[in-house]
Amino acid sequence: MNRTNAGDELAGCVAQLRWHLWGLREAGVRSRAPSAPQSPPRAHPAAPADGRETLSRIGEELQGCTRCGLHSGRANLVFGEGSARSGLVFVGEGPGADEDRLGRPFVGRAGKLLDKMIFAMGLDRTEVYICNVVKCRPPENRAPLPDEVASCAPFLFRQIDALGPKVLCALGLSAAQALLGSSEPLSSLRGKARLWRGMPLVCTYHPAYLLRTPSRKASAWQDLKEIMRLLKP
Ligand code: URA
């Protein structure tokens, strides 16, 4: 085995161990050592020094948004959170009930699985940025309609530009189609990295789908490994 293969294999083992450890933690298993206090995720990262538009500015423009019908049912607009410190931005579909209540993305059951996926990649939730195609909750958690996506997508695109990530990950069909302007099924959009404005975009299954269909987790792991490869310097 050459050094590169050995290194890759070791990285794979470490990632799987992290996945396993996260599972134990979720199941309530705790180490004896007191855990280090976790810093709360930042709502907006600091303004980039290179003159790019800031997230705060985009967030301000969205305050009180009534551009589409989703505003009438929302408790909170869910802008996004985290940082692109790792170079990675996740884009989901739209807030669910928990997210709408708390004003934060991916904090419900699907969010717990996303946390696990991030951890398995050797990252922490605060090192990635997490947002959605639409910023207000679609009723009954339905997929956002084309006019809702059309109203919100320009803000998503500006958000991504402001963050300047190295890699984008679309979680599920709505995000993949909105970013790629495609109507193809996820089965044809995932499996190989695409480009979004010259930036690698990996489309994978939505964590909520993975909760319902655990047999797809192995394929999702392949997508996450591809992201890890693309993030390497
Ligand atoms: N599903 C999403 O697509 N986004 C969230 O923020 C939560 C669940």
Side-chain angles (χ1 to χ4, degrees), residues 22 26 40-45 55 58-59 62 65 68-71 73-84 88-119 121 123-153 155-157 159-160 163 165 167-180 182 185-186 189-190 196 201-214 216-217 220 223-224 227:
W22 186 270
E26 270 206 326
R42 284 180 296 157
H44 306 301
L55 286 181
I58 303 163
L62 276 172
C65 180
C68 79
L70 293 182
H71 78 273
R74 77 167 172 241
N76 285 294
L77 186 143
V78 182
F79 183 67
E81 71 178 23
S83 76
L88 177 57
V89 170
F90 286 99
V91 181
E93 179 176 281
D98 294 316
E99 291 76 19
D100 177 61
R101 187 168 46 83
L102 297 172
R104 297 180 53 208
F106 282 96
V107 288
R109 278 189 69 224
K112 295 282 171 286
L113 180 57
L114 179 60
D115 288 348
K116 200 165 157 179
M117 291 157 72
I118 293 167
F119 188 76
M121 295 167 79
L123 297 170
D124 177 270
R125 190 173 159 119
T126 59
E127 294 174 299
V128 302
Y129 193 84
I130 306 174
C131 56
N132 286 301
V133 173
V134 294
K135 313 299 185 203
C136 300
R137 183 191 181 199
E140 313 301 328
N141 295 343
R142 64 157 167 75
L145 302 173
D147 69 296
E148 295 159 355
V149 172
S151 301
C152 232
F155 291 93
L156 168 68
F157 298 166
Q159 221 171 350
I160 298 169
L163 288 158
V167 183
L168 276 176
C169 177
L171 297 167
L173 181 67
S174 295
Q177 289 187 338
L179 286 165
L180 291 166
S182 165
L186 192 64
L189 297 176
R190 66 162 291 280
W196 183 83
L201 162 66
V202 173
C203 303
T204 191
Y205 298 109
H206 193 286
Y209 174 77
L210 291 175
L211 287 172
R212 293 191 304 271
T213 323
R216 295 281 191 215
K217 280 188 180 173
D223 300 332
L224 300 187
I227 294 173

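Numbering of ligands and ligand atoms starts at 1, following listing order.
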For this session: Do me a favour and list the nearest non-hydrogen protein atom to atom 2 (C) of ligand 1 with residue, atom name and distance?
Result: G94 O, 3.0 Å
Exercise. Quick one: nearest non-hydrogen protein atom to atom 4 (N) of ligand 1, plus distance?
Worked result: N132 OD1, 2.7 Å
Problem set entry | All pairs passing side-chain hydrogen bond (donor to acceptor under 3.5 Å, both in side chains) where residues 90-101 contributes a residue, at least two apart |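 side-chain hydrogen bond (donor to acceptor under 3.5 Å, both in side chains) check on residues 90-101 returns E93-S174, D98-R101.
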Exercise. R104 near ligand 1, heavy-atom distance under 4.0 Å?
Worked result: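 Checking ligand 1 against R104, which is what was asked, there is no heavy-atom contact under 4.0 Å.
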Exercise. Any non-hydrogen atom of G111 lying under 4.0 Å from ligand 1?
Worked result: no
Exercise. Mind checking what makes salt bridge (charged side-chain N to carboxylate O under 4.0 Å, His left out) contact with R142, not counting sequence neighbours?
Worked result: E148
Heavy-atom closest pair, residues [X] and [Y]:
X	Y	value
P95	R137	O-CG, 3.2 Å
C136	R74	SG-NH1, 3.2 Å
C152	V134	SG-CA, 3.7 Å

For this session: Measure from atom 1 (N) of ligand 1 to every heavy atom in H206, E93, R137 and give the option owning the shortest one.
Result: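 Nearest option to atom 1 (N) of ligand 1, by heavy atoms: H206.
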Seminar exercise, completed: In ligand 1, the atoms that come under 4.0 Å of a heavy atom of G92 are 3 (O)
Exercise. Quick one: does P105 get an N or O within less than 3.5 Å of an N or O on ligand 1?
Worked result: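 No, no N or O pair falls under 3.5 Å.
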For this session: Indicate yes or no: at least one non-hydrogen side-chain atom of Y129 is less than 4.5 angstrom from one of L55.
Result: yes
